[in-house]
Asks: 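If you scroll down you'll find the structure; I have some questions about it.
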2 protein chains.
Amino acid sequence: MDVKPGPRLTVHDLAEAAGVSLATVDRVLNGRAGVRPATVEKVEAAIARLGFRRDLGASMLARSRTIGIAFLIPGGTNRFMAKLAEAVEQCGRDVRSQRGQFDLVRIPPMDPSALVAAIEGLDPARHACAAIVAIDTTEVRDAVDNARERGISVITLVSDLPGSGRAGFVGIDNAAAGRTAAALMGRFCPDGGRIGLVVGSLGLSDHVHRIEGFRAVAATDFPGLAIAGPVEGEDAYEGTYQATRDLLAAHPDLSGLYNAGAGNAGLLAAIEDAGLGGRLRVIAHELTGPTRRGLVADRVDVVLDQSPLWEVRAVWTTARRLVLGPDALAPAAPIEIRLFLKHNLIAED
Amino acid sequence: MDVKPGPRLTVHDLAEAAGVSLATVDRVLNGRAGVRPATVEKVEAAIARLGFRRDLGASMLARSRTIGIAFLIPGGTNRFMAKLAEAVEQCGRDVRSQRGQFDLVRIPPMDPSALVAAIEGLDPARHACAAIVAIDTTEVRDAVDNARERGISVITLVSDLPGSGRAGFVGIDNAAAGRTAAALMGRFCPDGGRIGLVVGSLGLSDHVHRIEGFRAVAATDFPGLAIAGPVEGEDAYEGTYQATRDLLAAHPDLSGLYNAGAGNAGLLAAIEDAGLGGRLRVIAHELTGPTRRGLVADRVDVVLDQSPLWEVRAVWTTARRLVLGPDALAPAAPIEIRLFLKHNLIAED
DNA sequence: TGTTTTGTGAGGAACGTACCTCATTTCTGC
DNA sequence: GCAGAAATGAGGTACGTTCCTCACAAAACA
């Protein structure tokens, strides 16, 4: 598989090397029917031998097709979702020069019916793909399967919908995130103690997986740790404030809090109002305004983050692969769990 | 700046909107001379108004030019450099469909003259850019400036060469990495103690910056911490083994080690041979075989990592911007300091 | 043997941009 | 008002791929 460094390898060279015509090469390359298996093999052998990769720019140009992706992102006050929406806008600007077309739709948060309605309202002619932050209910699952039949590939984003007909998932391994949080919390509380758990909703699979991961490592690696909760804060200020306040009141001995959901501003306010600021180990998710300020002020110890921008880019890569075929492009790298302390904070991205 | 969703915006539309001819639009877009400032402004206003972005694929196609990048990567046993070389190969395969051509050259490690010779041997006709892992000496600096004059843009990778004519730097903020390491080490050693510092060489600016960052935070935030070293391990097994062994012998009271360089296998072997395995807090750089195994075996507490693959991709983005102009493409995001504990380890990338 | 069916070849027209030549217009300085 | 320079317009070709149509050959059927 030695690759010529000289003039660019084209489909013409490939046809010649395979001993077939350009038309046949094209049929093989684009998976069109009407080619004998033996001939397909000849062409594929030549591709491997020459190390041929089609010119993606020319390919997209000739197709004269833009890749439309609808991003269905929950609205409301959730800061992470706001950052995600921002990332869609930013990445959307960048991909326009690669024939990408992102459309951002904010939908009511925590509302399966609204999500279903949004999915069903999509037009396959305009959007080859949809990226959704899944809510794990049967109706959503059905809507995803239905969209697939209508010709819309659905990619789940941040929160997955396993077992459905989604074309892919872009997001972190939430169980691993929960395990990591537990490992850090265990280190930060060497004398044991009780840790309070907070989530947005137990209907969100990402939050549930985090809690499960946390519990698992806490039980095996740090038997000295006790657990309270989880309580649900609805991923918003008020709900999280109240849930945290009640949790702190019920367990005055708490030595740490792990918020697997959003609503960090409310959580931190409740801690402050209880006069516990700085005396609790706090681990939270997503680097946003409140968590960033919390790190700097020593009110948050560690933030686990998934980069919205990377996630949107991964959706783009996944969608391109769906349209162009898996051979045209390398798959998107898995999204990583980023750990932030006060000292390795990065500038806004 | 409302963007039409309909048919794709082309240079023709742009010409019409600006009230000029296609030729003039072309002259403005590609920075050619012979256009009145007022006309340039008209075109740029139209670009902004329509939100025009040229089709990168068509652009590269018409240019009929491939972007050649030479990667000058140190050879030897350094595992990180091996991963970097691997990333060049992998990313090189992917970018071929975008008219990229990566050439990997392994050069003798820690050898400024070899690096200089490699730079001077580059052919501007073949390589528009060179990515080098810089060694901070005057001769290297001169070679970079010289290459620039010959028409080769040099991008420094991993280790920077500030003040030289390099076209950009791709790598982490090493001082911030050192500060982060110190913050973690301080938390892990709440009772103070002495921390041993190891580097590959004090001639490598990245290692030096890490040490400086570590010292700064240790001094201000953790006055209880004392420091031994740094000792130099030459970024290889034997040197690092001996340097660590001597350090441990000279300071039997050591409570932690921070290796700002490579040679982690040697470092861990020396710890094990001294019978200190598991009793020292160890913070190291770069997620490679030895550090990964060290994490799993509880011999390494934290690994700070820069992703070679991201770095190579960032070089590609930077090089494309150099060739296509800064407006054609968003700049590469800064490389992040990744923190790995046992629990958030990722699969090989 | 003739007639479908299926596989293959030949050729050409897009796609959006770059870059070339040549003609024409508009600005300079005098 | 004129020569000369500078700015602009008009129109073409090329890049590598996709996707057509049409013709022809080889296999399958009767």
Side-chain angles (χ1 to χ4, degrees), chain A residues 4 6-43 46-47 50 52-67 96-100 320 323-325 327-329, chain B residues 4 6-43 46-47 50 52-67 96-100 320 323-325 327-329:
Chain A
K4 277 186 217 165
R8 232 194 115 66
L9 217 50
T10 74
V11 279
H12 295 88
D13 306 321
L14 184 55
E16 194 180 352
V20 299
S21 76
L22 189 58
T24 300
V25 163
D26 180 64
R27 288 187 258 259
V28 172
L29 235 34
N30 295 291
R32 273 183 269 278
V35 186
R36 219 174 332 196
T39 314
V40 172
E41 209 153 313
K42 267 205 297 185
V43 175
I47 291 176
L50 300 182
F52 172 83
R53 305 282 304 247
R54 76 178 103 181
D55 185 316
L56 272 194
S59 172
M60 287 303 288
L61 182 59
R63 279 169 210 260
S64 178
R65 198 190 295 162
T66 63
I67 300 179
R96 286 198 42 230
S97 59
Q98 295 165 68
R99 311 189 76 93
R320 280 169 101 199
V323 172
L324 298 172
D327 299 329
L329 214 60
Chain B
K4 276 186 216 163
R8 232 196 115 66
L9 217 51
T10 74
V11 279
H12 296 87
D13 304 321
L14 184 55
E16 194 180 351
V20 299
S21 76
L22 193 57
T24 299
V25 163
D26 180 64
R27 286 187 260 258
V28 172
L29 275 179
N30 295 290
R32 273 184 270 278
V35 186
R36 222 173 331 201
T39 314
V40 173
E41 210 153 312
K42 266 205 298 185
V43 175
I47 292 176
L50 300 181
F52 172 82
R53 305 283 303 246
R54 75 178 105 183
D55 185 316
L56 271 194
S59 173
M60 286 304 288
L61 182 59
R63 280 168 209 262
S64 177
R65 198 191 295 163
T66 63
I67 299 179
R96 285 198 46 229
S97 59
Q98 296 165 68
R99 309 189 79 92
R320 280 169 101 198
V323 172
L324 298 172
D327 299 330
L329 212 62

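We use all heavy atoms of the structure for the numbers below, so side chains are in, but hydrogens, waters and symmetry mates are not. Chain identifiers are assigned alphabetically (A, B, ...) following the order of the sequence lines, protein sequences preceding nucleic acid strands; residue numbering begins at 1 within each chain.
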Asks: For B:R54, check side chain to side chain donor-acceptor pair (under 3.5 Å) against everything at least two apart and list the hits.
Replies: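 Side chain to side chain donor-acceptor pair (under 3.5 Å) check on B:R54 returns B:N30.
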Asks: Can you give me the N/O atom pairs linking the protein to nucleotides 5-7 of chain D at distances under 3.5 Å, or say none if there are none?
Replies:
unit_1 : atom_1 : unit_2 : atom_2 : d
D:dA7  : O3'    : B:R36  : NE     : 3.4
D:dA7  : O3'    : B:R36  : NH2    : 3.1

Asks: Taking any atom closer than 4.0 angstrom to a non-hydrogen atom of chain B, what span of DNA chain C does the protein reach, first nucleotide to last?
Replies: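 The contact span of chain B on DNA chain C goes from C:dG16 to C:dC27.
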Asks: Sort and list the pairs that fulfil salt bridge (Lys or Arg N to Asp or Glu O under 4.0 Å) and have at least one residue in residues 26-41 of chain A, not counting sequence neighbours.
Replies: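 Those involving residues 26-41 of chain A are A:D26-A:R32.
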Asks: Looking at residues at least two apart in the chain, or sitting in another chain, which of them share a side-chain contact (heavy atoms from CB on, under 4.5 Å) with B:S21?
Replies: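 Listed in chain order: B:A23, B:T24.
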Asks: Calculate the interatomic distance between A:L14 atom CG and D:dT18 atom C1'; express it in whole Å.
Replies: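 Answer to the nearest Å: 15 Å.
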Asks: For B:A62, what residues pass the side-chain contact (heavy atoms from CB on, under 4.5 Å) criterion, not counting sequence neighbours?
Replies: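 Applying side-chain contact (heavy atoms from CB on, under 4.5 Å) to B:A62 gives none.
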Asks: Only counting residues at least two apart or in another chain, list the ones meeting salt bridge (Lys or Arg N to Asp or Glu O under 4.0 Å) with A:R53.
Replies: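 Once residues adjacent in sequence are excluded, A:R53 has no partner under the salt bridge (Lys or Arg N to Asp or Glu O under 4.0 Å) criterion.
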Asks: Hey, can you pull the residues of residues 20-29 of chain A with a non-hydrogen atom under 4.0 angstrom from DNA chain D?
Replies: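 The stretch gives A:D26 as the residues lying under 4.0 Å from the strand, ordered by number.
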Asks: Quantify the bending of the helix from C:dT4-D:dA27 to C:dC30-D:dG1 as the angle between its end axes, each fitted on five pairs, to 10°.
Replies: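 Answer rounded to 10°: the end axes differ by 10°.
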Asks: Give me each pair satisfying salt bridge (Lys or Arg N to Asp or Glu O under 4.0 Å) with a member in residues 56-67 of chain B, each pair once, sequence neighbours excluded.
Replies: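 Of all non-adjacent pairs touching residues 56-67 of chain B, none passes salt bridge (Lys or Arg N to Asp or Glu O under 4.0 Å).
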Asks: Near DNA chain D, which residues from residues 52-67 of chain A have a heavy atom under 4.0 Å away?
Replies: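 A:F52, A:R54, A:D55, A:A58, A:S59, A:A62, A:R63, A:R65, in order of number.
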